[in-house]
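Heavy atoms only: backbone and side chains are in, while hydrogens, waters and symmetry mates are out.
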Amino acid sequence: MKKKSVPGINKIRQSRFPVSLFVVFWLTLLLMSGVHMGLLILANRRQWSELVQTIIPMTYWALVAAYLTLYTRWQVKRNYEEPMQKFAKATSQVAQGDFSVYVAPLHTMDKQDYLDVMIMDFNKMVEELGSIETLKTDFFSNVSHEIKTPLAVIQNNAELLNRKDITEERRREYAEAILHATRRLSSLITNILKLNKLEKQVIKSVPEPYDVCAQICACALQFEDMWDKKDIEFVADMEDRAQICADEGLLDLVWTNLLSNAVKFTPAGGTITITQTSDTEKITVRISDTGCGMDETTIKHIFDKFYQGDTSHATEGNGLGLALVQRILELSDGSISVRSTPGEGSEFTVSLPVSPDYEEEME
């Protein structure tokens, strides 16, 4: 997490007590000492008794000391105690789980001191903690929902299997529904674990040079039965060979997820196109389909965990595939973007740095 830079950081005051305050003390003491000398001269001219000449200066300096003590106490309370008490109260609220806390800075931007900077950093920290808490709550809510759905399917069909009056055909149908739900549940848990490990960098990318064109072809062939069944036209426009330096196992998940989505959202008789190009810096892979497409709102959230823009296909996925794809590409120094038009289809573009060996070959 990057720390937000504060404008004019070099101009921030490093003391809560300005020089002017010490000047006030100095002038006050200088003035009081002058008044003291005046009292002594007055007492000598008036020839007051020794007792009076002793009591008057003592009383005078007692009043001066009381004033300076009270004034110093007021300055300390205003500049330190009150702000720190508010700050301590705010930190206590955050410690109890309240992330709506906001502490107002003491000065405007042009008169900030180090305590203002500390307060602004605290506010930023609380804001980010609140965001993390919201994400965590949403994550558990989504996981609970995604797990509950297949479990309900398993339970309902298991109860139906226990009936004695069902036909063999119905029995196979219920067993197939249970099997489909268990596969979906297994896929969900597997993807959650993978995403968690990737985000915590428990799974580390191990880059090695390999031919990405051959990998994409192999991944596409896994879906041959599915696109034949839906009579989908599959078009591939790729180079004979394109070498990248990346983790082959992780990139396999990228192509599998993107192709799976393309097949899932492309209607019967549609077209899926894979286009791959290379230059001296990067290799670009575009996977497009003629499916239902996405609106602007869906595009903005398409890489969020558990987000599913097309609810009609919700039973076929769990909304974690594209989040996995994005995280893997981040670890591979790559990127992904999407273009889509509702009713016309979508195009995902993946960019990856070329292998150093490939750069030499092109030269």
Side-chain angles (χ1 to χ4, degrees), residues 1-138 140 200:
M1 183 174 62
K2 293 183 179 178
K3 184 178 177 181
K4 186 178 179 181
S5 60
V6 181
I9 190 73
N10 295 327
K11 297 181 181 179
I12 290 174
R13 290 186 290 128
Q14 298 300 314
S15 174
R16 296 288 296 159
F17 292 104
V19 176
S20 58
L21 181 62
F22 295 97
V23 172
V24 169
F25 272 94
W26 180 73
L27 290 176
T28 300
L29 289 171
L30 190 62
L31 179 62
M32 294 301 103
S33 63
V35 173
H36 172 73
M37 293 301 298
L39 287 173
L40 292 179
I41 293 171
L42 178 64
N44 283 328
R45 286 183 178 178
R46 296 290 179 90
Q47 295 183 348
W48 290 342
S49 64
E50 291 183 1
L51 180 61
V52 172
Q53 291 187 37
T54 302
I55 291 175
I56 287 178
M58 289 179 62
T59 304
Y60 169 75
W61 282 110
L63 293 173
V64 171
Y67 162 76
L68 290 175
T69 301
L70 292 173
Y71 182 73
T72 303
R73 168 62 181 161
W74 176 71
Q75 286 288 345
V76 170
K77 184 177 180 181
R78 187 187 70 166
N79 287 284
Y80 269 108
E81 288 189 356
E82 290 180 354
M84 294 310 294
Q85 284 171 359
K86 291 180 181 178
F87 195 66
K89 182 180 178 181
T91 56
S92 176
Q93 289 176 270
V94 173
Q96 294 172 11
D98 182 4
F99 300 112
S100 63
V101 175
Y102 175 80
V103 182
L106 304 173
H107 302 97
T108 57
M109 291 292 289
D110 58 328
K111 296 182 180 179
Q112 287 180 347
D113 58 28
Y114 64 90
L115 190 55
D116 291 298
V117 175
M118 184 170 68
I119 289 173
M120 288 192 297
D121 287 343
F122 172 80
N123 289 334
K124 180 66 176 176
M125 179 190 69
V126 173
E127 181 183 351
E128 294 187 0
L129 284 173
S131 300
I132 292 171
E133 186 67 20
T134 301
L135 287 173
K136 185 176 74 173
T137 302
D138 291 344
F140 283 119
K200 291 185 176 180

Problem set entry | From Leu68 atom CG to Arg73 atom CZ, the distance as rounded to the nearest 0.5 Å | 15.5 Å

Exercise. Residues two or more places apart in sequence or in another chain: which of them pass side-chain contact (heavy atoms from CB on, under 4.5 Å) with Tyr67?
Worked result: Thr28, Tyr71

Exercise. For the residue pair Val103 and Ile119, what are the closest heavy atoms and their distance?
Worked result: O-CG2, 3.3 Å

For this session: Measure the spacing between NZ of Lys77 and OG1 of Thr72 and express it to the nearest 0.5 Å.
Result: 14.5 Å

Problem set entry | With Gln93 via side-chain contact (heavy atoms from CB on, under 4.5 Å) - residues at least two apart | Lys89, Asp98, Val101

Seminar exercise, completed: For Tyr60, the ring pair (Phe, Tyr, Trp, His ring centres under 6.0 Å) test, sequence neighbours excluded, returns none

